[in-house]
Number of protein chains: 2
Amino acid sequence: MIDPVFADDLILDVPYEAGSHHVSDEEIIDFARRWDPLPMHTDLAAAAASPFGGLIASGIHSFGIYQRLTVLNVYRGWQIIAGRRIHELEFPKPVFAGTTLRAFVRIDRIVPRGDGRSVVHKTGTLVDDEGDLVLRIHPQVYMWDRTSLLGST
Amino acid sequence: MIDPVFADDLILDVPYEAGSHHVSDEEIIDFARRWDPLPMHTDLAAAAASPFGGLIASGIHSFGIYQRLTVLNVYRGWQIIAGRRIHELEFPKPVFAGTTLRAFVRIDRIVPRGDGRSVVHKTGTLVDDEGDLVLRIHPQVYMWDRTSLLGST
């Protein structure tokens with residue numbers, strides 16, 4: 001049994017480590033065939049002839065890797081209601097096949113709504129083998145507060 | 001053979017229709033098990049007991065559906081170099097299992113960089129069966145200009 005973690009339990013400004021994920025050719029191509037079938041993500045020859053000189057992951061795939069790692073390794077027990085918006089999603093460097101990515105998530109702000117829920121503002125990052133930032137994301141999610149327990153039936 | 005479409009060929013302010021996609025229970029669960037394994041997306045019983053009362057798609061899944069539809073139905077021949085950033089990504093309403101989503105993309109602004117590339121600012125939307133907006137996204141992507149042909153070897 002995992003203890004529930006409410007919005008008011010989160011620690012501000014300290015990055016939570018969310019583990020790592022190896023990005024293979026096969027995974028890039030498989031993801032992109034379903035969800036982002038541009039040749040730079042699906043076709044080794046086209047990718048080699050591109051300005052990047054090799055296969056790069058879809059940005060949506062990078063977003064998925066970030067989310068998978070944070071859900072599995074950080075959000076255990078977190079009382080998440082739903083995502084609200086992503087204020088900003090940046091791809092400062094391409095994700096090449098063969099890279100291992102590490103994920104981090106930091107809590108920037110917790111805004112109680114007064115109805116037992118808070119909006120939690122986060123900064124998420126993915127870093128590649130060379131220590132370079134490949135994804136930065138600013139999500140806002142709804143979470144339950146501890147006080148929501150009082151109102152539950 | 002598809003004619004190439006450069007940044008300067010795009011039509012501003014008119015929504016391009018990108019077709020539709022049916023979202024099944026199975027697809028929501030399959031996507032979420034890989035990339036967003038929160039119970040609201042992977043577990044029918046947990047989802048039924050949630051404030052939404054049923055299974056809802058991961059926001060990353062919705063983003064993937066939008067991208068799949070626009071790549072397959074709109075971006076044929078478009079000379080896309082890479083995504084730069086998503087300025088804003090909003091989920092105004094949950095995507096429930098059994099919904100059919102329609103995608104649209106509009107070109108808001110084309111900013112030439114003077115090096116044969118432009119930054120193209122877009123607004124993308126996904127609309128559900130009831131005509132309600134479920135995803136709105138403001139991506140910026142790099143595309144080749146027609147003038148880039150002059151410099152190519």
Side-chain angles (χ1 to χ4, degrees), chain A residues 21 27 30-42 47 50-52 56-73 75-95 116-117 135-142 144 148, chain B residues 21 27 30-42 47 50-52 56-73 75-95 116-117 135-142 144 148:
Chain A
H21 182 94
E27 189 180 279
D30 178 62
F31 186 97
R33 279 195 181 142
R34 295 169 195 232
W35 304 114
D36 194 356
L38 291 168
M40 71 179 99
H41 307 311
T42 60
S50 82
F52 304 111
I56 61 170
S58 164
I60 304 166
H61 185 183
S62 300
F63 187 6
I65 290 168
Y66 163 80
Q67 185 69 5
R68 175 182 172 81
L69 289 172
T70 51
V71 169
L72 292 179
N73 300 321
Y75 303 156
R76 308 301 295 275
W78 287 32
Q79 300 298 300
I80 296 167
I81 303 165
R84 179 206 207 189
R85 64 201 269 266
I86 313 287
H87 171 55
E88 188 92 33
L89 174 52
E90 294 162 277
F91 308 105
K93 182 184 172 184
V95 173
R117 305 167 196 217
L135 177 135
R136 180 166 40 216
I137 186 170
H138 294 285
Q140 296 172 11
V141 300
Y142 294 107
W144 296 112
S148 67
Chain B
H21 181 95
E27 189 180 278
D30 178 63
F31 186 97
R33 279 194 181 143
R34 295 169 194 232
W35 304 114
D36 194 356
L38 290 168
M40 70 180 98
H41 307 310
T42 60
S50 81
F52 304 110
I56 61 170
S58 165
I60 305 168
H61 185 184
S62 301
F63 187 6
I65 290 168
Y66 163 79
Q67 184 70 5
R68 175 183 172 82
L69 289 172
T70 53
V71 169
L72 292 179
N73 300 322
Y75 303 155
R76 308 301 295 272
W78 288 31
Q79 300 298 299
I80 296 167
I81 304 165
R84 180 208 208 187
R85 63 202 269 266
I86 313 288
H87 171 54
E88 189 91 30
L89 174 53
E90 293 163 278
F91 308 105
K93 181 184 171 185
V95 173
R117 305 167 195 216
L135 177 134
R136 179 165 42 215
I137 184 170
H138 293 286
Q140 298 172 11
V141 300
Y142 295 108
W144 296 112
S148 67

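Order of the sequence lines fixes the chain letters, A, B, ..., with proteins taken first and strands second; residue numbering starts at 1 for each chain.
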### Task
Could you look at B:L135 and say if it's the side chain, the backbone, both or neither that has a heavy atom under 4.5 Å from chain A?
neither
### Query
Any chance the rings of A:W35 and B:H61 have centres within less than 6.0 Å?
yes
#### Entry: Part of A:F52 within contact of chain B (heavy atom distance under 4.5 Å)
side chain
### Summary
Applying a strict 4.5 Å limit to non-hydrogen atoms, the region of B:I137 in contact with chain A is neither
### Query
Any side-chain heavy atom of B:E88 sitting closer than 4.5 Å to one from A:E88?
no
### Message
Which atoms of B:L69 are under 4.5 Å from chain A, going by heavy atoms: the side chain, the backbone, both sets, or neither?
### Response
neither
### Message
Please rank A:Y75, A:Y66, A:W78, A:F31 by heavy-atom pairs under 4.5 Å with chain B and give me the top one.
### Response
A:F31
### Message
Do B:W144 and A:P51 have side chains that approach each other closer than 4.5 Å (heavy atoms only, starting at C-beta)?
### Response
yes
### Message
Counting heavy-atom pairs closer than 4.5 Å to chain B, which one of A:Q140, A:H41, A:R34, A:E90 comes out on top?
### Response
A:R34
### Query
A:I80 versus chain B, heavy atoms under 4.5 Å apart: side chain, backbone, both or neither?
both
### Query
If you look at every heavy atom in A:A57 and A:S62, which pair is closest and at what distance?
CB-OG, 4.4 Å
### Message
I need the residue from B:H138, B:R84, B:R33 with the largest number of non-hydrogen atom pairs under 4.5 Å to chain A.
### Response
B:R84
### Message
When you compare the side chain of A:E27 with that of A:I65, does any pair of heavy atoms fall below 4.5 Å?
### Response
yes
### Message
Is A:P37 close to chain B through its backbone or its side chain, or both, or neither, when contacts mean heavy atoms under 4.5 Å?
### Response
both
### Query
Quick one: are A:Q67 and A:T70 in side-chain contact, heavy atoms under 4.5 Å?
yes
### Task
Please tell me if the side chains of A:I60 and B:I60 come closer than 4.5 Å, counting only heavy atoms from C-beta onward.
yes
